[in-house]
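Got a structure for you, questions after.
Within every chain, numbering begins at 1; the chains are lettered A, B, ... in the order of the sequence lines, protein sequences first and strands thereafter. Computed over heavy atoms, backbone and side chain alike; hydrogens, waters and symmetry mates excluded. None of the values given here were measured: they were computed from a predicted structure.
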Amino acid sequence: MPELPEVEIVTRSLIPILKNKILTNFWTSDKNLRSQLSDYECFILTNKKVKRIFRQAKYLILELDNSWILIHFGMTGKITVSKVEQKVFIANNKHVHCSFQAEDNFLYFQDIRRFGGLYFVERSDEKNLFDSQLPFNFGIEPLSEKFNENYIYLISRKVNMPIKAWLMKGIIAGIGNIYASEALFRAGINPNAKTKSLGIIRMSRLVNSIKFVLTEAIRSGGSTINNYSNIDGEAGNYAKKHMVYGRKDKFCLICNYMLDTKYIAQRSSFYCKKCQKF
DNA sequence: CCGTAGACTTGGTGCT
DNA sequence: CAGAACCAAGTCTACG
């Protein structure tokens, strides 16, 4: 459920399920995730109330009193919700790594590849969580007003790496391989173009493409490549609308030229040589 | 400081 | 049909 749209969809659907609910019965598997709740954290989390549920970058965040639970889905993380306790499900599914109860709902975090993680963070001073020194790289939110062509142009003037590598570094929150590829195609920018070589006009097109692609993906229920589904187990429809991602050896939907694939920053990149000249 | 390569991990797919 | 080989939504680190 990796990129911004997928996390956003899950977050929105968890709001009515978790808002103002008391959390109990935390359980964790003995397998390591990137980060797992400790026994002590499970203990002190018990009986805390969820005040707010929101997404920041690719993290789902549950705000409690002076503390937060951050959930990252890695590549294959998934949350399922049930009205009844699923003891058999946990026993038979080796990929469930955390569960807890929110009054009338039971939540299960599954992660096949275990690149995801759960983090418990307590407020250590008067500052807001996002002003404090956390080991999380949130980046700027691409759907915020602050994210515009002037901003992206200014911070990219000395960047020598390919634009696609830069997009996936996390400076812009929530963009991964799928939406970097799709946004660059719609902006007509070659993924290999040097970032600093792109002028304000190109950057403006890129900003608009990023906002468009992310918004459309959220509207379509996200991109399901293999694992992703929403909390009701339904796949997203946006993968059907991908113009380039995953379309190896297929033809460009605009100009009918054969699409190219190339490794950039150790990720497969899909693009059209003819439509993405800059 | 900047940019790249490797590491972590399990499973699906298409080939020999 | 078993098995090797390659690929995958993401980041964090180590090194030049």
Original post:
How are the rings of A:F109 and A:F73 set relative to one another: parallel (under 30°), tilted (30 to 60°) or perpendicular (over 60°)?
Top reply: tilted
Subject >> Presence of salt bridge, A:K51 and A:E63, under 4.0 angstrom >> reply: no
Original post:
Between A:W166 (CH2) and C:dG10 (C1'), how many Å, whole number?
Top reply: 19 Å
**OP:** Classify the ring geometry between A:Y40 and A:F43 as parallel (under 30°), tilted (30 to 60°) or perpendicular (over 60°).
**Re:** tilted
Original post:
Are the ring of A:F115 and the six-membered base ring of C:dT11 within the stacking cut-offs of under 5.5 Å and under 30°?
Top reply: no
**OP:** State whether the distance check finds a donor on one side and an acceptor on the other, under 3.5 Å, for side chain A:Q266 versus base B:dG6.
**Re:** yes
Subject >> B:dG3 versus C:dA9 - spacing of their C1' atoms, nearest Å >> reply: 24 Å
Subject >> A:R114 CZ - B:dG11 P separation (whole Å) >> reply: 9 Å
Original post:
Below 4.0 angstrom, N of the basic side chain to O of the carboxylate: do A:D104 and A:K83 qualify?
Top reply: yes
Original post:
Between C:dA9 and A:K58, is there an OP1 or OP2 to side-chain N/O distance shorter than 4.0 Å?
Top reply: no
Original post:
Does the distance from a Lys or Arg side-chain N to an Asp or Glu carboxylate O, for A:K49 and A:E103, drop under 4.0 Å?
Top reply: no
Original post:
Want to settle it: does A:K169 or A:R267 sit nearer the 5' end of DNA chain B, counting the closest nucleotide to each?
Top reply: A:K169
**OP:** Provide, to the nearest angstrom, the distance between the OH atom belonging to A:Y238 and the P atom belonging to C:dA9.
**Re:** 16 Å
Original post:
C:dC7 phosphate, OP1 or OP2: any side-chain N/O from A:S268 under 4.0 angstrom?
Top reply: no
**OP:** Kindly say if A:N226 contacts the phosphate of C:dA8, meaning a side-chain N or O under 4.0 Å from OP1 or OP2.
**Re:** no
**OP:** Using the P atom as the reference point in each nucleotide, state the distance between C:dC7 and B:dA5 in Å, no decimals.
**Re:** 16 Å
Original post:
Any side-chain N or O of A:H95 less than 4.0 Å from the OP1 or OP2 oxygen of B:dG11?
Top reply: yes
Original post:
So does A:Y119 get a side-chain nitrogen or oxygen closer than 4.0 Å to the phosphate oxygens (OP1/OP2) of C:dT11?
Top reply: no
Subject >> Span that lies between the P atom of B:dG11 and that of C:dC12, in whole angstrom >> reply: 24 Å
Subject >> Phosphate-side-chain proximity, A:Y245 and C:dA9, N/O vs OP1/OP2 below 4.0 Å >> reply: yes
**OP:** Measure distances between side-chain N and O atoms of A:R113 and base N and O atoms of C:dA9, and say whether any donor-acceptor pair falls under 3.5 Å.
**Re:** no
Subject >> Any A:K94 side-chain N or O less than 4.0 Å from OP1/OP2 of B:dG11 >> reply: yes
Subject >> B:dG12 versus C:dT11 - spacing of their P atoms, nearest Å >> reply: 23 Å
